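Atoms within each ligand, like the ligands themselves, are counted from 1 in listed order. Keep in mind it's a predicted model, so treat the numbers as computed, not measured.
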Amino acid sequence: MNKINYVAIPAILFAAASWAEPQQTLKTQAQQLIKAYGKQLKSELQQSLKNDGPTAAIGNCQLKVQQLRNADDEWQIGRTSLKVRNPLNMPTAWETTVLAQFEKRKQQGVAIADLQHEHIIEKDGQRYYRYMQAIPTGELCLKCHGDNIAEPVAEKLAAHYPADQAKGFKTGDIRGAFSASKKLD
Ligand code: HEC
């Protein structure tokens, strides 16, 4: 009797897992890509801050779009925020809605690491999977996104980003979010 139960339980779990697989797989893919890019961004930023200082490191808080494309053609990945530095990172309507929801959920006590969103939409007969994940503001980020940005850094930022809104953040704020989408068959 025991033996039958032992065999039957994994079989049921397996059936449940394969039924739920497509969306779960997409979510895992999105999370893995975001984790890899996030890690790469942070380590390049850290290294450059250490070796060259914040004025020179400014170019290292940028997603290298070419690299992203080469890594995985099927996914589109970007970063966005309710307060952007680069207008090219401006959120779309759905991203704005999700970012606002993230702020609300954070106020309700949800940890930033747990702020995720996913949905599938159909647009002009084409289905897309979309995923967003909040990005926290850490100590490291304040040099360029905080209240007291050193003069040479502030000057360089102002020259490159005249419409810069991404200042005045504090540790523990949501700095923005990664956003990923993939065309489905
Ligand atoms: C050395 C300066 C510097 C530091 C330190 C820095 N950033 Fe940035 N950040 C920038 C610049 C410059 C941009 C604009 C990049 C672009 O043109 O796409 C930016 C853009 C961003 C964006 C994209 C949205 C937007 O505002 O355009 C996010 C999200 C972001 N930074 C998060 C962070 C986080 C999180 C940290 C800390 C881990 C951090 N940054 C540290 C300079 C910096």
Side-chain angles (χ1 to χ4, degrees), residues 27 29-72 75-107 110-118 130-182:
K27 185 175 180 182
Q29 279 180 14
Q31 286 176 329
Q32 281 171 348
L33 284 170
I34 286 169
K35 197 169 164 193
Y37 295 137
K39 221 165 137 183
Q40 187 184 330
L41 270 171
K42 209 164 170 178
S43 78
E44 282 176 12
L45 199 54
Q46 260 161 345
Q47 209 168 343
S48 177
L49 282 171
K50 198 169 137 215
N51 297 341
D52 319 312
T55 320
I58 280 175
N60 283 296
C61 191
Q62 216 159 3
L63 280 185
K64 312 238 172 13
V65 175
Q66 202 50 48
Q67 248 165 295
L68 299 184
R69 293 250 164 81
N70 292 346
D72 192 329
W75 284 91
Q76 277 206 325
I77 304 229
R79 284 183 317 169
T80 187
S81 174
L82 290 174
K83 293 199 275 176
V84 293
R85 170 151 293 161
N86 187 336
L88 292 174
N89 298 328
M90 204 82 91
T92 60
W94 79 269
E95 287 172 332
T96 304
T97 307
V98 174
L99 285 164
Q101 272 171 16
F102 282 174
E103 290 292 347
K104 206 165 156 189
R105 284 164 61 193
K106 177 175 171 277
Q107 275 167 24
V110 181
I112 298 180
D114 295 330
L115 292 172
Q116 302 163 0
H117 168 94
E118 61 175 343
R130 287 167 167 176
Y131 177 82
M132 273 176 86
Q133 185 173 308
I135 304 172
T137 309
E139 197 69 37
L140 171 71
C141 320
L142 302 183
K143 283 188 167 66
C144 300
H145 295 295
D147 273 323
N148 295 309
I149 301 176
E151 198 45 53
V153 180
E155 252 174 48
K156 193 166 171 188
L157 286 174
H160 282 81
Y161 304 98
D164 189 4
Q165 296 177 283
K167 292 178 285 192
F169 285 90
K170 297 182 173 47
T171 49
D173 284 346
I174 299 173
R175 174 55 268 268
F178 276 102
S179 178
S181 83
K182 186 184 182 178

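Partner of L115 under the side chain to side chain contact (heavy atoms under 4.5 Å, CB included) criterion, chosen from I135, V110, L99, V98: V110.
In this structure, CD in Q32 is found 11.5 Å from OH in Y37, a value given to the nearest 0.5 Å. For the atom pair CD of Q133 and CG of L33, the computed distance is 11.0 Å after rounding to the nearest 0.5 Å. Put simply, NZ on K167 and OH on Y161 are 12.5 Å apart, with the number rounded to the nearest 0.5 Å. We find the SG-CG distance between C144 and L157 to be 5.5 Å, quoted to the nearest 0.5 Å. The CD atom of Q62 sits 11.0 Å away from atom CD of E44, with the distance rounded to the nearest 0.5 Å.
Remark: ligand 1 and T137 share no N or O pair separated by less than 3.5 Å (distance only, no angle test). The shortest N or O to N or O distance between H145 and ligand 1 is under 3.5 Å. Between T80 and ligand 1, a contact under 3.5 Å exists for no N or O pair. Considering backbone and side-chain N/O of R175, one or more are found under 3.5 Å from N/O of ligand 1. Any N or O atom pair closer than 3.5 Å counts here, and N89 shares at least one such pair with ligand 1.
Under the 3.5 Å distance criterion, with hydrogens and angles disregarded, no donor-acceptor pair is assigned to the side chains of R130 and S179. In this model, no donor atom of one side chain and acceptor atom of the other lie less than 3.5 Å apart for Y131 and Q29.
Under the 4.0 angstrom criterion for non-hydrogen atoms, Y161 is in contact with ligand 1. Heavy atoms of G176 come nearer than 4.0 angstrom to ligand 1 in no pair at all. The shortest separation from a heavy atom of G138 to ligand 1 is not under 4.0 Å, leaving the residue out of contact.
Contacts between L45 and ligand 1, counted as non-hydrogen atom pairs separated by less than 4.0 Å, involve the side chain only. Contacts between H160 and ligand 1, counted as non-hydrogen atom pairs separated by less than 4.0 Å, are absent for every part of the residue. For A166, every heavy-atom contact with ligand 1 shorter than 4.0 Å involves the side chain, none the backbone.
Among S48, P136, C144, the residue whose heavy atom sits closest to atom 43 (C) of ligand 1 is C144. Considering each of P91, G38, C61, the one bringing a non-hydrogen atom nearest atom 10 (C) of ligand 1 is C61. Distances from atom 29 (C) of ligand 1 to the heavy atoms of L63, I135, L82 show the closest one on I135. Looking at R85, K156, K167 and measuring to atom 26 (O) of ligand 1, the nearest heavy atom belongs to R85.
Contacts of D164 classified as salt bridge (Lys or Arg N to Asp or Glu O under 4.0 Å), with partners at least two apart in sequence or in another chain: R85.
If you check which protein heavy atom lies closest to atom 38 (C) of ligand 1, you get C141 SG, 2.7 Å.
Between the side chain of R105 and the main chain of Q116, a donor-acceptor pair closer than 3.5 Å is present.
Remark: ligand 1 atoms within the under-4.0 Å shell around heavy atoms of A57 are 1 (C). With ligand atoms numbered from 1 in the order given, ligand 1 contributes 5 (C), 38 (C) to contacts under 4.0 Å with heavy atoms of L140. Taking a cut-off of under 4.0 Å to the non-hydrogen atoms of I58, the atoms of ligand 1 that pass are 1 (C), 12 (C). Taking a cut-off of under 4.0 Å to the non-hydrogen atoms of P54, the atoms of ligand 1 that pass are 1 (C).
Contact between L142 and F169 at its shortest, heavy atoms only, is CD2-O, 3.4 Å.
The local environment of NZ in K106 is crowded, with over 12 non-hydrogen atoms from other residues, nucleotides or ligands closer than 6.0 Å.
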